Amino acid sequence: MKLFISLRKTRLLRSAGVTFALAYALIFILSGAIFLSFVWFHAIESMQKSHIAAISTDAAELRSAWLKGGLQNLRDKLRERIAEDLNRENVYLLVNRDRNRLEGNITCWPEKAVQPNMFYTLTGSETCDPRTIEMTWRAFPDGSRLLVGRDIRSTTLLRSVLTEGLLWASLMSIALAVGGALVVRRLFRNIINTIAETTVAIARGDLTQRLPLSGNEIDGVSRTINTMLDRITRLMEGIRQVSNAIAHDLRTPITRARNTLEDAVHYAPSVETLRVAVEIAVKELDGVSAVFEALLRIAQIESGAQRSAFTNRDLRPLLEDIADLYRPSAEARQIALLETLPATLPFYGDALLIQQAVANLLDNAVKFSPNDTTITLGAEFQGEALVIYVEDQGVGMTPEDLKRAAERFYRAEAARHTPGTGLGLTLVHAVAQLHEGELEMTSREKGLKIMLRLPCQIAGNAGS
């Protein structure tokens, strides 16, 4: 039982909610203590300074009266002030050199008042008067002494009242701090429980769950987590689509290869016929192998491993080589392949990947362009970006197709009956992301323009 209680206390102390609550309570109590202490000391100090200033002024005026009219004038002034002091707040005592009382409203000289021009705080037992006074005294050339003071019982009373009030305020602050700490802990636990419930539901397979937004600072964390969940959902959906696409698109060539080989085994009339059947099957399997190689290539690019191959290159010769490679197949269909390239295209990155991406774009353009049309391969600098584009006059794409064109194995309806794997634009998109760029596609009334936009910080000194 003791071990259980000890473990429970340990877990409680390590709880983040308890830590936040204790921190809140500590900050609240310290802030309250500092504030109340400031009020207490400021109030007492202000009153003490006020008393000392009043006593100093009074003593200076009485000394001035002695200088103007001598001892008799000073005695007259003292009698006037004592008569006018209806509340008996002021204390005066004038004695001669033998300390015999001449004027004043107290009867004996305080023994502790030994130094002139110094301030003393004396109780009733020290002044032959029941009051507690703040006082000082001045000496005159004839040996007489003048004591000037003020009753500070109101200050003492105020100090005790303030002290009692501060004690009660401290107790209330502690109570509020504890209550606030419990509220903070409860709010923190509610937030954590909400996150926990959402993550538990997601762990059980419900990827539609999202953290609610409550309009406070926690929304920043909630949005980040929700963005992460959206990304995970898209990735899971992509995996599902890829799995379905692989199963759908690869089943056909594998089935054709199997049927071809099976027919050849059972019905081939000669060795030559069997050889032809095997060649057909190998061709079908080569297509399957090409799909897997493309998938591995895309995965390698998306992992960022290709950054080790980044170098400074001039892209113009590479783009010209790609254009020369596809020009014969384009001319065979009376398609003009034009180039609009600047004199140099300085570039920092993986030039071979860019070349492969442009090759995919030209391959698609040639494949889907009608006869007697034009394809343009161009490059230009737009502000802080290097843009490489391929523009054709083909059938274009619908807005729905443009949104999904870079997905693995996705093929628009118009391209269903043409050779291909549906991975060409996926690879181009991966190359763009590797170079921190973007793949932009614009479909026009007649034709499609695909742009590979790379930032100039990747394109080296391209902007100079």
Side-chain angles (χ1 to χ4, degrees), residues 283 286-287 290-291 293-294 297-298 301 309 311-347 349-382 385-397 401-402 405-406 411-412 414-432 435 437 439-454 459 462:
K283 185 177 180 181
D286 283 344
V291 170
E293 287 179 1
R297 183 68 165 162
I298 291 170
I301 294 171
T311 57
N312 286 300
R313 292 287 296 272
D314 183 1
L315 282 182
R316 180 184 172 95
L318 297 178
L319 297 182
E320 288 177 339
D321 290 344
I322 291 296
D324 292 340
L325 178 66
Y326 280 91
R327 186 167 283 110
S329 58
E331 291 176 349
R333 298 177 50 196
Q334 292 80 46
I335 298 175
L337 179 54
L338 305 180
E339 301 172 34
T340 57
L341 303 173
T344 59
L345 283 172
F347 176 78
D350 192 326
L352 295 181
L353 281 182
I354 297 296
Q355 190 179 39
Q356 184 176 356
V358 175
N360 285 1
L361 297 180
L362 285 176
D363 184 74
N364 285 342
V366 173
K367 188 185 300 181
F368 297 109
S369 293
N371 295 344
D372 299 318
T373 56
T374 300
I375 297 174
T376 303
L377 169 62
E380 60 185 6
F381 294 108
Q382 296 180 0
L386 167 62
V387 178
I388 302 172
Y389 62 90
V390 173
E391 186 175 7
D392 62 43
Q393 297 175 343
V395 295
M397 290 186 181
D401 290 336
L402 288 175
R411 307 192 72 191
R416 289 290 181 185
H417 305 291
T418 58
T421 62
L423 295 173
L425 288 179
T426 306
L427 186 141
V428 176
H429 183 258
V431 171
H435 291 82
L439 177 63
E440 300 178 4
M441 293 176 281
T442 305
S443 186
R444 302 175 180 177
E445 183 178 352
K446 186 177 182 181
L448 180 69
K449 183 175 182 179
I450 302 180
M451 294 180 290
L452 191 60
R453 185 181 298 273
L454 306 173

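The model shown is predicted, which means the values in this text are computed figures rather than measured ones. We use all heavy atoms of the structure for the numbers below, so side chains are in, but hydrogens, waters and symmetry mates are not.
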In short, L337 meets Y326 closest at the heavy-atom pair CD2-C, 4.2 Å

Using modelled atom types only, decide if a donor and an acceptor are shared between the side chain of Q334 and the backbone of N371 within a distance under 3.5 Å. no

T340 and Y389, any side-chain heavy atoms less than 4.5 Å apart: yes

Main-chain N/O of V366 paired with R333 side-chain donor or acceptor, under 3.5 Å: yes

Minimum heavy-atom separation for A379 to L345, with atom names? CB-CD1, 3.6 Å

Could you grab the distance from atom CD1 of I375 to atom CG of N364, nearest 0.5 Å is fine? 10.0 Å

Supply the atom-to-atom distance L452 CG to H429 NE2, rounded to the nearest 0.5 angstrom. 10.5 Å

T374 OG1 to Q393 CD distance, which is reported to the nearest 0.5 Å: 4.5 Å

For L315 against A351, the heavy-atom pair lying closest together: CD2-CB, 4.0 Å

Less than 4.5 Å apart, side chain to side chain, heavy atoms only: is that true for T373 and D392? no

Just verifying a value: how many Å separate I450 CD1 and I388 CD1, rounded to the nearest 0.5 Å? 13.5 Å

Contact between V431 and Q356 at the side-chain level, heavy atoms closer than 4.5 Å - yes or no? no

Rounded at 0.5 Å granularity, tell me how far OG1 in T442 sits from CG in L448. 7.5 Å

Taking the side chain as C-beta and beyond, is there a heavy-atom pair between D350 and H435 under 4.5 Å? yes

Quick check against the 3.5 Å criterion: does R453 have a side-chain atom that pairs as donor or acceptor with the backbone of A385? no

Which residue is it: Q355, E339, R327? I am looking for the one with a side chain to side chain contact (heavy atoms under 4.5 Å, CB included) to I322. Q355

When every non-hydrogen atom of P342 is compared with those of R316, the smallest separation belongs to O-NH1, 2.6 Å

How many angstroms lie between CG in L386 and CE in M451, if you round to the nearest 0.5 Å? 12.5 Å

